[in-house]
Chemist: 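Please find one structure pasted underneath; my questions will follow.
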Amino acid sequence: MTVPPENQQQTPHRCGYVALAGRPNVGKSTLLNTLVGQHLSIVSPKAQTTRERVSGILTTSHYQILFIDAPGLIEPRYALQEAMRLAASAAIDEADVVVLVVDATEPDTFPDQEIGATLRARSVPIIIAVNKVDLVDGETAARLVGEAEALGYSTLAISATTGAGLSEFLSVVVDRLPESAALFPEEDSATQSVRFFAEEYVRETCLELLHEELPYAVTCRVDEFREGQDPVYVRIVIYVERESQKGIVIGRGGATIKQIGQRSREKIEALVERRVYLELHVKVLEGWRRKHARLRQLGYALPSHTKGGQKRT
Ligand code: GDP
Ligand code: MG
């Protein structure tokens with residue numbers, strides 16, 4: 001993605017968190033993948049699985065956007081509750097800009113007056129991205145944009161698949177970000193996010209394979225990541241809260257951990273586009289979710305920390 005030429009001179013460097021909100025299937029993941037250019041957005045059928053929500057990082061010499069997932073506006077008939085939940089969610093509080101993605105072919109995905117009022121009550125800037133405009137005629141697209149603008153939002157027509165409207169979209173987003181240096185060092189950001197996503201892939205795979213058994217007790221950390229060799233060597237520790245959970249992750253005769261390893265390795269290989277040797281270890285970190293010291297040890301930012309503190313060191 002490139003910034004329009006007029007923005008390239010004397011503009012301060014900007015960096016911030018952008019929450020992508022919107023109902024399922026409106027195209028949030030597609031948009032993220034097109035913007036960030038890699039398969040980086042983690043999809044999991046279970047709700048609330050993304051504890052650390054940075055799902056993509058877009059770095060240029062002028063700005064850095066940290067995309068975070070926000071809960072969707074799910075059932076139209078529960079729209080108000082959903083909107084309130086969205087408005088109350090930490091993702092919105094942490095965001096510098098909220099992008100509400102709607103589907104040009106699905107009027108139900110557009111915010112109504114109530115949602116409009118609820119969201120506008122927050123001080124965070126909200127941008128509506130009318131996606132999939134490649135599927136409607138120009139007149140329809142213009143009408144939809146007009147309707148969303150009438151609710152008081154900056155609105156842009158985009159297509160996440162063809163890329164139409166995306167550079168204008170980006171410049172509108174970037175204009176609303178705070179002036180700030182990059183939070184992830186530019187030269188490190190690729191490696192940082194590869195490590196980050198490797199952890200997320202293993203955790204996602206645990207959730208897929210372990211179902212209801214211990215969904216939220218699992219967190220993963222890269223212990224070693226050696227890119228300088230073929231295959232790339234990755235060692236990841238899966239942390240659980242109790243000895244019994246360790247048994248579940250390992251499975252009978254090691255069958256479960258083997259399957260977790262295989263699936264996770266394939267995902268990491270697809271990300272780095274190289275062969276990967278993945279070694280997994282399971283460790284018990286007694287009650288890690290409830291203990292601040294343990295959470296810090298795992299690199300979680302705790303509420304007393306500032307936004308910048310979310311970055312793991
Ligand atoms: P999410 O649930 O909001 O993350 O939506 P996805 O990104 O998974 O997209 C849902 C479906 O819409 C997929 O089949 C995408 O290929 C399709 N899609 C997303 N964006 C566009 C677009 O701009 N144009 C078209 N024609 N299809 C799109
Ligand atoms: Mg998605």
Side-chain angles (χ1 to χ4, degrees), residues 1 17-58 65-79 82-83 85-87 89 91-92 95 97-112 115 119 126-145 147-148 153-173 193 197 200-201 203-205 207-208 267 270-271:
M1 262 335 103
Y17 290 85
V18 174
L20 287 181
R23 303 237 330 259
N25 290 317
V26 294
K28 299 179 296 295
S29 301
T30 310
L31 176 61
L32 191 59
N33 292 337
T34 303
L35 292 174
V36 176
Q38 260 177 317
H39 170 74
L40 288 186
S41 105
I42 314 286
V43 282
S44 172
K46 284 188 167 59
Q48 295 177 356
T49 54
T50 313
R51 274 189 216 102
E52 299 156 279
R53 289 177 308 262
V54 174
S55 52
I57 301 171
L58 181 56
I65 302 177
L66 307 168
F67 288 103
I68 53 179
D69 293 329
L73 298 168
I74 297 164
E75 289 287 337
R77 62 206 159 94
Y78 300 130
E82 288 298 330
R85 191 168 68 85
L86 173 68
S89 75
I92 301 301
V97 173
V98 173
V99 173
L100 185 59
V101 183
V102 299
D103 183 336
T105 68
E106 292 286 344
D108 272 359
T109 65
F110 282 66
D112 59 20
I115 293 180
L119 288 177
I126 295 161
I127 294 168
I128 304 259
V130 180
N131 189 33
K132 308 194 190 181
V133 291
D134 55 302
L135 298 178
V136 299
D137 60 52
E139 207 173 299
T140 307
R143 179 175 52 80
L144 294 171
V145 167
E147 281 170 14
Y153 301 107
S154 308
T155 307
L156 291 143
I158 63 164
S159 169
T161 50
T162 70
L166 290 188
S167 60
E168 198 192 337
F169 165 78
L170 276 179
S171 67
V172 169
V173 170
S193 46
F197 287 109
E200 283 290 281
Y201 286 153
R203 195 165 63 83
E204 177 190 64
T205 308
L207 299 187
E208 284 165 7
K267 294 179 190 181
L271 175 70

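Note that the structure is a prediction, hence the values are computed from the model and not measured. Nothing fancy with the numbering, it's 1 onward along the sequence. In each ligand, atom 1 is the first atom listed, and ligand 1 is the first ligand listed.
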Chemist: Number the atoms of ligand 1 from 1 as they appear, then name those within less than 4.0 Å of a heavy atom of V26, with their elements.
Modeler: 3 (O), 5 (O)
Chemist: Does any N or O in the side chain of T109 come within less than 3.5 Å of the main-chain N or O of D103, such that one atom is a donor and the other an acceptor?
Modeler: yes
Chemist: Mind listing the closest non-hydrogen atom pair of N131 and G27 along with its distance?
Modeler: ND2-CA, 3.7 Å
Chemist: May I ask you to identify, for D134, whether its side chain, its backbone, both or neither come under 4.0 Å of ligand 1 on a heavy-atom basis?
Modeler: side chain
Chemist: Please examine the side chains of L170 and L58, heavy atoms only from C-beta on, and report whether any two atoms are closer than 4.5 Å.
Modeler: yes
Chemist: Heavy atoms only: give me the nearest S159-V133 pair and the separation to one decimal.
Modeler: N-CG2, 4.1 Å
Chemist: How far apart are the C-alpha atoms of R143 and E147, what are their side-chain angles, what is the distance that settles it, and do they pass the salt bridge (charged side-chain N to carboxylate O under 4.0 Å, His left out) test?
Modeler: CA-CA 6 Å; R143 179 175 52 80; E147 281 170 14; 3.2 Å; yes
Chemist: By side-chain hydrogen bond (donor to acceptor under 3.5 Å, both in side chains), which residues pair with E106, not counting sequence neighbours?
Modeler: none
Chemist: Are any of the N or O atoms of I158 closer than 3.5 Å to those of ligand 1?
Modeler: no
Chemist: Measure from atom 20 (N) of ligand 1 to every heavy atom in N131, T34, T109 and give the option owning the shortest one.
Modeler: N131
Chemist: Looking only at N/O atoms, are L135 and ligand 1 under 3.5 Å apart anywhere?
Modeler: no
Chemist: Judged on heavy-atom distance to atom 10 (C) of ligand 1, which of N25, V136, L166 sits nearest?
Modeler: N25
Chemist: Which atoms of ligand 1 have any heavy atom of S159 under 4.0 Å away?
Modeler: 22 (C), 23 (O), 24 (N)
